[in-house]
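Since this is a predicted model, take the numbers as computed values, not measurements.
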Amino acid sequence: MKLPLVFPILLLGLCLSGCIHSNRSTTIHGKVTDDSNQPIANVPIIIAGLRKGTLYHFDKLEAVYTNRQGEYTITFVPSNQYRSLEVANQFNTDSTLYHTYRHYSVTFNNQSTRDCCAAQIGYTSQYDFILLAR
């Protein structure tokens, strides 16, 4: 008698599991400062997506500039054709920033990282960049 009740519960569990894992809403946020902890405005932050079935084909998906406090936030839903995301600060595309800063360090979710800068689809990631003066 209990067996017929197990099937609907199992089916409901599978449906809910699929709904939870199909959420691709992704938020990437952070702050860009200089090495004296001063915020830097107007730094371009780019999100690129790596297509499924490819090794190196990244597409620019989203872009935003830091505000006066050096902060940025991007929330979006990448299509199913992308398997991973990369975050990049593109200070070197601005001639003023490029002549002022030579490189950067980065933290991921408030911890230093050398694995810059993969973001997981369906999650919130924080990347803070510190631009290093020339």
Side-chain angles (χ1 to χ4, degrees):
M1 288 293 245
K2 292 183 181 182
L3 187 59
L5 184 60
V6 171
F7 182 71
I9 291 173
L10 195 61
L11 186 61
L12 178 64
L14 286 173
C15 289
L16 289 176
S17 170
C19 292
I20 291 169
H21 294 296
S22 67
N23 180 8
R24 294 179 63 85
S25 180
T26 303
T27 298
I28 299 165
H29 67 97
K31 188 170 186 176
V32 179
T33 59
D34 64 15
D35 44 10
S36 62
N37 204 29
Q38 295 302 307
I40 304 174
N42 299 317
V43 177
I45 305 294
I46 306 299
I47 309 302
L50 181 62
R51 291 177 186 258
K52 292 178 181 176
T54 65
L55 294 177
Y56 303 109
H57 186 78
F58 282 91
D59 295 327
K60 179 178 168 182
L61 302 178
E62 297 289 327
V64 69
Y65 287 86
T66 57
N67 63 19
R68 282 195 218 168
Q69 292 79 34
E71 300 167 339
Y72 69 93
T73 300
I74 301 172
T75 300
F76 67 106
V77 180
S79 78
N80 286 332
Q81 66 181 319
Y82 297 101
R83 63 183 167 108
S84 66
L85 303 173
E86 292 288 323
V87 181
N89 86 66
Q90 297 201 324
F91 76 92
N92 57 354
T93 62
D94 178 291
S95 62
T96 303
L97 293 172
Y98 178 74
H99 286 66
T100 306
Y101 303 102
R102 62 179 166 82
H103 195 56
Y104 62 89
S105 65
V106 65
T107 61
F108 170 66
N109 292 339
N110 296 314
Q111 296 190 356
S112 283
T113 182
R114 291 184 185 263
D115 185 24
C116 186
C117 294
Q120 290 185 302
I121 295 172
Y123 293 90
T124 296
S125 300
Q126 178 179 346
Y127 278 103
D128 294 322
F129 297 95
I130 300 171
L131 301 187
L132 306 172
R134 289 193 174 273

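Taking 4.5 Å as the limit, some side-chain heavy atom of His29 sits within range of a side-chain heavy atom of Thr124. Taking the side chain as every heavy atom from C-beta outward, Asp94 and Asn42 never approach each other to under 4.5 Å. Side chains of Val106 and Ile130 form no contact here, defined as non-hydrogen atoms less than 4.5 Å apart.
A donor-acceptor pair under 3.5 Å is absent between the side-chain atoms of Thr33 and the main chain of Gln38, judged by distance alone. Under a 3.5 Å cut-off, the side chain of Asp59 and the backbone N or O of Leu61 do not form any donor-acceptor pair. With hydrogens and angles ignored, the 3.5 Å screen pairs no side-chain donor or acceptor of Thr26 with any backbone N or O of Ile121. When atom types are taken as modelled, the side chain of Arg51 and the backbone of His57 share no donor-acceptor pair closer than 3.5 angstrom. Of the possible polar contacts, none joining the Arg24 side chain to the Phe76 backbone as a donor-acceptor pair under 3.5 Å is found. Judged by distance alone, the side chain of Thr113 and the main-chain N or O of Thr107 form no donor-acceptor pair under 3.5 Å. Using modelled atom types, one side-chain atom of Arg134 and one backbone atom of Tyr98 make a donor-acceptor pair closer than 3.5 Å. Side-chain atoms of Lys31 do not come within 3.5 Å of backbone N or O of Phe129 as any donor-acceptor pair. Between the side chain of Tyr72 and the backbone N or O of Pro44, no donor-acceptor pair lies under 3.5 Å.
Nearest approach of Thr54 to Leu50, heavy atoms of both residues: OG1-CD1, 3.8 Å. The two residues Glu86 and Cys116 come nearest to each other via the heavy atoms OE1-O, 4.1 Å. Residues Leu131 and Tyr104 approach most closely at CD2-CB, 3.7 Å, considering heavy atoms. The shortest non-hydrogen separation linking Ile40 to Thr66 is O-OG1, 2.8 Å. Heavy-atom minimum distance, Val77 versus Ser25: CG2-CA, 3.9 Å. Counting all heavy atoms, side chain and backbone alike, Gly30 lies closest to Gln126 at CA-CG, 4.2 Å.
Between the side chains of Asp35 and Tyr101, no donor N or O sits under 3.5 Å from an acceptor N or O. Checking Asn92 against Gln90 by side-chain atom types alone, no donor-acceptor pair falls below 3.5 Å.
Among Val64, Leu85, Thr27, Ile46, the one residue that satisfies the side-chain contact (heavy atoms from CB on, under 4.5 Å) test with Ile74 is Val64. Partner of Tyr127 under the side-chain contact (heavy atoms from CB on, under 4.5 Å) criterion, chosen from Ile45, Val32, Asn109, Val87: Val87.
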- Item | Worked verdict on Phe108 versus Cys117 for side chain to side chain contact (heavy atoms under 4.5 Å, CB included) | CA-CA 8 Å; Phe108 170 66; Cys117 294; over 6 Å; no
